[in-house]
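Read the structure below first, then the notes.
Nothing fancy with the numbering, it's 1 onward along the sequence.
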Amino acid sequence: MEEFLHDIAQHIEGYYQSIVDITPKLLLAILVVLISWFIASRVRGFADRRLKSRMHDPLLATFIANLIKAVLIVIGFLFMFRVIGLTSVAQSILAGAGISAFIIGFALKDIGENFLAGILLAFKRPFSVGDIIESNGVKGKVVALNLRDTQIKSDSKNIYIPNALLIKNTLVNFNSGGYLLQDFTIGIEYGSDYKKALELIASVMKDDTEIVDKGYSNSAVVSGIAGAVIQIMVRYWVKTDLKVTDGKHRSEIVIKVAGILNANGFVLK
């Protein structure tokens, strides 16, 4: 019995000694990670400010700054493994187990795919911050391009679309040089004075201070006939920096057009 208790005491003492031996390395490793994270955050903020002051595209500037931060954090973690002494162990495991490398690579496939897609989006620049885009059934204003996903704001909700989906699927950018195209269709009774109706609608667009009329094709045209209804398509451009994604401005224009047509005796259908 004494020998059994002695063996247990020796094992406990051995575990305790191992914990004591590795504790300084663990503390140093944690310190290395914290310092790396702090340095990476500071460098990211500095790079973001400098790049935005020198580049015309804030989306690309922010993406590059985030990329720099990610690289510095990865370097910090690699140094942490070296401090703990797990570098050789990790290399031995990966070298001796091909299936492990395959599983890890498969697990990180989506992350790597979205990361590479983010790089393509950042340099190809199919959209900029503030643009109104539609993809994968989501329409909204671009807020940020991250390493893994693109943040879009729609109806006061933040939606994150994986970058790979934006590369693979159709992407519609509703903006043109910082302006957004809006349109709607309104119907009037057959036999009405169509030219007068078009002139009244054009006057509404001309009087609206938010609609841009220089160099953009604002128009009101007869687009078709459906039974006894003449359909008029109204198209106009507004500035992207307006709060237009919620449809309030478009609603105001529709109300103004309907009001002026009613006031002049037109029957809406």
Side-chain angles (χ1 to χ4, degrees), residues 56-59 125-145 150-161 165-166 169-269:
H56 297 292
D57 190 350
L59 190 70
R125 288 179 287 183
F127 52 78
S128 300
V129 172
D131 283 0
I132 309 298
I133 67 171
E134 183 175 7
S135 182
N136 301 280
V138 177
K139 181 179 180 180
K141 180 182 292 186
V142 177
V143 177
L145 173 62
T150 298
Q151 181 181 350
I152 295 175
K153 198 170 190 66
S154 176
D155 296 330
S156 300
K157 298 188 295 289
N158 286 316
I159 302 173
Y160 298 87
I161 302 178
L165 293 181
L166 296 177
N169 299 322
T170 302
L171 189 152
V172 180
N173 190 334
F174 292 89
N175 290 79
S176 175
Y179 297 96
L180 173 67
L181 175 65
Q182 292 185 326
D183 62 74
F184 63 90
T185 301
I186 193 167
I188 61 175
E189 189 178 33
Y190 183 82
S192 303
D193 188 346
Y194 315 128
K195 290 186 177 180
K196 182 179 179 182
L198 297 180
E199 291 174 357
L200 291 172
I201 296 173
S203 68
V204 171
M205 292 189 291
K206 184 177 180 180
D207 293 338
D208 192 285
T209 57
E210 308 296 355
I211 295 179
V212 181
D213 61 356
K214 293 182 179 179
Y216 289 88
S217 54
N218 301 321
S219 63
V221 296
V222 175
S223 59
I225 302 176
V229 178
I230 301 299
Q231 297 176 333
I232 298 177
M233 171 67 74
V234 182
R235 293 162 51 93
Y236 56 91
W237 295 83
V238 294
K239 291 183 179 179
T240 306
D241 55 5
L242 296 174
K243 296 180 179 179
V244 294
T245 55
D246 56 4
K248 289 183 178 179
H249 182 262
R250 182 176 180 274
S251 174
E252 292 174 359
I253 296 298
V254 172
I255 292 172
K256 289 179 181 179
V257 168
I260 196 171
L261 290 176
N262 277 325
N264 284 270
F266 289 92
V267 179
L268 303 184
K269 297 289 186 176

Exercise for the section: Name all residues meeting the side chain to side chain contact (heavy atoms under 4.5 Å, CB included) criterion together with V257; count only those two or more places apart in sequence or in a different chain, and write none if there are none. Expected result: F184, I186, I201, V204, I253, L261
Fill in the blank from the handout: The side chain to side chain contact (heavy atoms under 4.5 Å, CB included) partners of D207 (sequence neighbours excluded) come to none
Problem - CG on N218 to CD on Q182, rounded to 0.5 Å - result: 10.5 Å
Problem - Qualifying residues under side chain to side chain donor-acceptor pair (under 3.5 Å), relative to Q151, sequence neighbours excluded - result: N158
Practice task
Walk me through it: do S192 and I230 pass the test side-chain contact (heavy atoms from CB on, under 4.5 Å)?
Solution key: CA-CA 9 Å; S192 303; I230 301 299; over 6 Å; no
Exercise for the section: Give the intermediate values and the outcome of side-chain contact (heavy atoms from CB on, under 4.5 Å) for residues R250 and Y236. Expected result: CA-CA 10 Å; R250 182 176 180 274; Y236 56 91; 3.8 Å; yes
Completion exercise
Distance col, row N173:CG vs S135:OG, nearest 0.5 angstrom, shows 11.0 Å
Practice task
Search all heavy atoms of S154 against all heavy atoms of G140 and return the closest pair with its distance.
Solution key: CB-CA, 4.1 Å
Completion exercise
Across all chains, not counting sequence neighbours, the side chain to side chain donor-acceptor pair (under 3.5 Å) partners of D193 are none
Handout entry: Counterpart residues, side chain to side chain donor-acceptor pair (under 3.5 Å), relative to K139 (two or more places apart)
Key = none
Practice task
Tell me, yes or no, whether the heavy-atom count around K157 atom NZ, taken from other residues, nucleotides or ligands under 6.0 Å, exceeds 12.
Solution key: yes
Handout entry: Euclidean distance, I161 CD1 relative to I133 CD1, rounded to 0.5 Å
Key = 6.0 Å
Completion exercise
Contacts satisfying salt bridge (Lys or Arg N to Asp or Glu O under 4.0 Å) that involve residues 219-235 (not counting sequence neighbours) are none
Practice task
Before giving the answer on side-chain contact (heavy atoms from CB on, under 4.5 Å), spell out for L166 and N136 the whole-Å C-alpha distance, their side-chain angles and the decisive distance to 0.1 Å.
Solution key: CA-CA 8 Å; L166 296 177; N136 301 280; 4.1 Å; yes
Exercise for the section: Please report the C-alpha distance between I188 and Y194 in whole Å, then the side-chain angles of each, then the deciding distance to 0.1 Å, and finally whether the side-chain contact (heavy atoms from CB on, under 4.5 Å) criterion is met. Expected result: CA-CA 9 Å; I188 61 175; Y194 315 128; 3.9 Å; yes
Fill in the blank from the handout: Rounded to the nearest 0.5 Å, the OG atom of S128 sits from the CG atom of L145 at a distance of 10.5 Å
Problem - Minimum heavy-atom distance between L198 and A220, given as atom pair plus value - result: CD2-O, 3.4 Å
Exercise for the section: Measure the NZ-CD distance between K256 and E252 for me, rounded to the nearest 0.5 Å. Expected result: 6.0 Å
Handout entry: Heavy-atom closest pair, residues A226 and Q231
Key = CB-NE2, 3.7 Å
Exercise for the section: With sequence neighbours excluded, tell me which residues meet side chain to side chain donor-acceptor pair (under 3.5 Å) with N264. Expected result: none
Handout entry: Reported CD1-to-CG distance for the pair I152 and D131, which is rounded to 0.5 angstrom
Key = 10.5 Å
